2 protein chains.
Amino acid sequence: MATMKDVAKLAGVSVATVSSTLSGRSFVSDELKQRVEAAIRELGYAPNAMASGLKRGTSSLIGLIVPDITNPFFTELVHCIQRRAAEAGFVVLLGVSDDQVAREAELIALMRSHRVAGTIVIPCGGEQDCMNLSRLAAGMPLVAADNAPPGMALDTIVLDNRMAATLATSHLLSLGHKIIATIAGPPHRFVSHERFVGFMTVLESKGLSVGADHVKRGDFHVASAREAGLALLQSAPRPTAIFVANNQMLIGTMQAVAEMGLSVPHDVSVIAIDDFPWAAAFTPTLTTVRQPIDALAEAAIERLKLRVGGLQEDPCRIVLAPELVIRQSCRAPLEDA
Amino acid sequence: MATMKDVAKLAGVSVATVSSTLSGRSFVSDELKQRVEAAIRELGYAPNAMASGLKRGTSSLIGLIVPDITNPFFTELVHCIQRRAAEAGFVVLLGVSDDQVAREAELIALMRSHRVAGTIVIPCGGEQDCMNLSRLAAGMPLVAADNAPPGMALDTIVLDNRMAATLATSHLLSLGHKIIATIAGPPHRFVSHERFVGFMTVLESKGLSVGADHVKRGDFHVASAREAGLALLQSAPRPTAIFVANNQMLIGTMQAVAEMGLSVPHDVSVIAIDDFPWAAAFTPTLTTVRQPIDALAEAAIERLKLRVGGLQEDPCRIVLAPELVIRQSCRAPLEDA
DNA sequence: AACGTTTAGCTAAACGTTTCGTCAAGGGGG
DNA sequence: CCCCCTTGACGAAACGTTTAGCTAAACGTT
């Protein structure tokens with residue numbers, strides 16, 4: 001593959017002149033500029049980003065580490081981050097941690113090795129694991145989004161998970177539900193915990209209690225929620241509404257309802273956190289709490305750019321407000337059958 | 001950030017020894033090996049992939065260019081490719097062409113600049129655009145998957161689109177449908193064309209014809225299919241079945257059916273190419289033709305590895321067989337109402 | 001004892017850029 | 001007319017690795 005030296009030789013100039021022509025950092029006469037450009041075209045020259053990065057000590061790469069790209073929430077987040085990164089002139093180096101803390105740590109080391117300008121991570125671990133992240137970053141600008149507990153020595157950008165749970169739960173209460181169950185996420189994760197606490201707090205404030213039978217844990221994936229849903233629907237008294245901690249588990253819950261020969265919202269109302277593109281295409285359309293994903297992406301890239309620029313101030317925490325999207329999957333409970 | 005030189009100094013050895021220790025390419029005594037490892041830990045040293053890539057003339061990066069990551073077919077493909085790339089020791093540099101040929105070309109140049117070992121592209125353009133790709137790659141190993149017409153000077157891996165359309169159409173015919181409409185994809189794209197031809201061929205072979213009113217074009221996105229679906233359902237005679245060219249447009253079609261106050265499969269049967277994770281969660285569950293996405297990913301990575309390894313033989317074309325997944329969205333048509 | 005061989009480690013020259021300092025030529029002010 | 005400043009171009013030294021080639025010590029053979 002052609003190098004700058006080849007271009008220089010063909011154009012009859014020095015490599016310094018070629019470099020100046022490309023970077024525009026110093027003045028080159030039109031005459032030479034044209035000769036250089038012609039040579040570049042003729043040779044099909046593309047500058048070597050590794051050499052340039054090595055010399056300049058930076059790269060135009062940013063790392064992006066997500067637990068699982070097939071979860072539509074993450075898909076959308078990757079989409080938004082990649083778009084905004086591209087607008088800012090960065091290319092995204094994609095890492096998938098597959099929900100494994102050890103893999104996440106490896107990926108951070110990998111990003112460091114590639115001397116990315118900075119990295120955005122959606123942590124997959126519990127609080128302790130998250131607290132480790134800043135140490136692993138070891139100087140690389142690192143911004144944590146979504147599952148990031150407070151107190152990390154990093155810029156963090158999160159949803160107001162308690163408010164999201166509060167919106168969902170209050171909606172169910174306002175429809176008249178009294179027997180409400182939940183399918184929560186993995187207990188050690190920050191987002192699960194917050195959503196669960198939000199849920200319980202609202203109920204307690206209304207003097208309602210939740211039976212142990214009516215609290216199930218899933219792992220944020222479909223299958224676990226199907227099982228949890230089946231168990232909930234067979235418990236007595238059967239809940240009239242289920243608050244589900246994320247979108248994937250909402251699908252599992254819907255499957256469970258169908259398998260039991262019941263229907264939403266006739267027999268049971270269902271609501272979840274995290275909207276997704278097809279929530280409006282289901283029958284019934286699904287009521288959810290939407291996270292402002294693009295705002296999350298924007299804030300993450302913005303903070304990262306500041307840190308890449310050398311900003312040294314204390315870690316900041318940005319908390320974004322969720323929004324209730326009312327569709328058809330929740331309605332008033334039937335009178336006691 | 002610490003360099004090899006720092007490590008060498010701290011360990012009291014030369015940089016060559018550090019390099020040997022890390023790469024294992026030549027013998028280092030246990031004594032020194034341990035001193036080096038201790039120094040690495042103490043300094044939090046991570047090798048500079050840019051420097052190493054520059055010197056060795058290769059990188060462990062591969063480029064991946066997709067039209068749109070939010071389409072679940074591409075999401076799954078990115079997922080599988082990234083997993084297999086990681087297994088092979090590569091990191092994925094993600095580019096999104098956003099269905100724009102010009103952007104796709106830019107991204108190929110970008111990948112080239114970063115001296116990726118090779119690139120996998122899902123072309124977003126028509127036949128002419130695709131034919132250009134090998135020229136743009138200019139020596140960089142490039143493998144095209146999915147929307148890749150024959151005749152490209154590249155390894156290509158595609159679904160047997162005609163067979164997919166044939167499976168779907170034959171299924172509708174076998175259920176007794178006579179008035180079948182289609183929502184096809186953008187005409188210039190290879191996959192659209194093949195799917196449309198497959199559809200028409202089957203019908204013609206059975207002596208059936210399709211009215212002009214019953215052929216609509218979408219752009220592979222939801223909204224276009226909703227409109228197309230509304231138009232189809234208002235045409236006379238109303239089709240008893242609709243063959244939809246991809247999964248996103250299936251969603252749009254379902255919306256159209258719902259808006260018309262009709263129901264699937266009672267009033268109209270619906271089938272599409274491209275399965276997706278939630279096809280089984282819809283009511284009714286959706287009948288689709290599944291592409292073997294992971295096999296596509298595997299073959300793409302495999303070919304890419306061969307080319308990266310320097311394989312010079314003629315371009316090869318791998319065609320994968322689709323599979324009909326029968327669920328609930330298709331059934332026999334009602335007797336004439 | 002002299003000689004090759006092996007071995008463990010080192011020196012130094014690349015890789016393809018960027019950029020600092022230099023230089024020659026030209027122009028303007030005194 | 002001389003000097004200095006500006007301008008456009010260049011030479012060369014980095015950046016952090018890898019690796020070919022070297023050195024010196026240790027060893028085994030005659």
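Residue numbers start from 1 in every chain, and the chains themselves are labelled A, B, ... in the order their sequence lines are given, proteins ahead of strands. This one's a predicted model, so the numbers in the text were calculated from it and none came from an experiment.
Side-chain contact check for Ser14(B) and Thr17(B): at least one donor-acceptor pair (N or O, by modelled atom type) lies under 3.5 Å. Side-chain N/O atoms of His221(B) and Asn71(B) include no donor and acceptor closer than 3.5 Å. Judged by distance alone, the side chains of Ser59(A) and Arg115(A) never bring a donor and an acceptor atom under 3.5 Å apart. Side-chain contact, Arg103(B) with Ser97(B): no donor N or O sits under 3.5 Å from an acceptor N or O.
Rounded to whole Å, atom C1' of dG16(C) lies 10 Å from atom CG of Asp6(A). Rounded to whole angstrom, the span from the NE2 atom of His114(A) across to the C1' atom of dT17(D) amounts to 14 Å. The interatomic distance linking Arg35(A) (CZ) with dG8(D) (P) rounds to 15 Å, in whole Å. Rounded to whole Å, atom P of dT7(D) lies 19 Å from atom CZ of Arg25(A). The distance from atom CG of Leu22(A) to atom C1' of dG16(C) is 13 Å, rounded to the nearest whole Å. Between the C1' atom of dG16(D) and the CG atom of Leu43(B) lies a distance of 15 Å, rounded to the nearest Å. When the P atom of dG8(D) is taken as reference, atom CD of Glu31(A) falls 13 Å away, rounded to whole Å. Whole-Å rounding puts the Phe27(B) CZ to dT5(C) P distance at 22 Å.
Although no hydrogens or angles enter the test, the distance criterion places no donor-acceptor pair under 3.5 Å between the side chain of Glu104(A) and the main chain of Ile65(A). Side-chain N or O atoms of Asp155(A) include none that pairs as donor or acceptor with a backbone N or O of Pro315(A) at under 3.5 Å. Thr75(A) contributes no side-chain N or O that, together with a main-chain N or O of Thr70(B), makes up a donor-acceptor pair within less than 3.5 Å.
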Dot-bracket summary - DNA chain D, pairs being Watson-Crick or G-U whose distances fall under 3.5 Å, with | when paired to another strand: ||||||||||||||||||||||||||||||
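Projected onto DNA chain D by closest heavy-atom contact, Lys55(B) and Gly12(A) fall at different nucleotides, the more 5' of which corresponds to Gly12(A). Sequence order on DNA chain C of the closest nucleotides to Val18(B) and Arg56(B) puts Val18(B) first from the 5' end.
Each of dA9(D), dT19(D), dG9(C) was ranked by its minimum atom distance to the side chain of Leu32(B); first place goes to dG9(C). Closest to the side chain of Thr3(B), from the set dA8(C), dG9(C), dG16(D), is dG16(D). When each of dT18(D), dT19(D), dT17(C) is scored by its nearest atom to the side-chain atoms of Met4(B), the top-ranked nucleotide is dT18(D). Minimum atom distance to the side chain of Leu54(B) is reached by dG16(C), of the listed dT18(C), dG16(C), dG9(C). Taking the side chain of Thr17(A) as heavy atoms from C-beta on, and the options dG8(D), dC10(D), dT17(D), the nearest nucleotide is dC10(D). Distance from the side chain of Ala16(A) is smallest for dG11(D) among the nucleotides dG11(D), dA9(D), dT18(D). Nearest nucleotide to the Asn48(A) side chain, out of dT19(D), dT17(C), dT18(D): dT17(C).
OP1 and OP2 of dG8(D) both lie 4.0 Å or more from every side-chain N or O belonging to Ser29(A).
Taken from CZ in Arg307(A) to CD in Glu313(A), the straight-line distance is 6.0 Å, to the nearest 0.5 Å.
The residue Ser14(B) sits close to a base: some heavy atom pair falls under 4.0 Å. Among the protein residues, Ser52(A) comes within range of the sugar-phosphate backbone only, with heavy atoms under 4.0 Å from sugar or phosphate atoms but none that close to a base.
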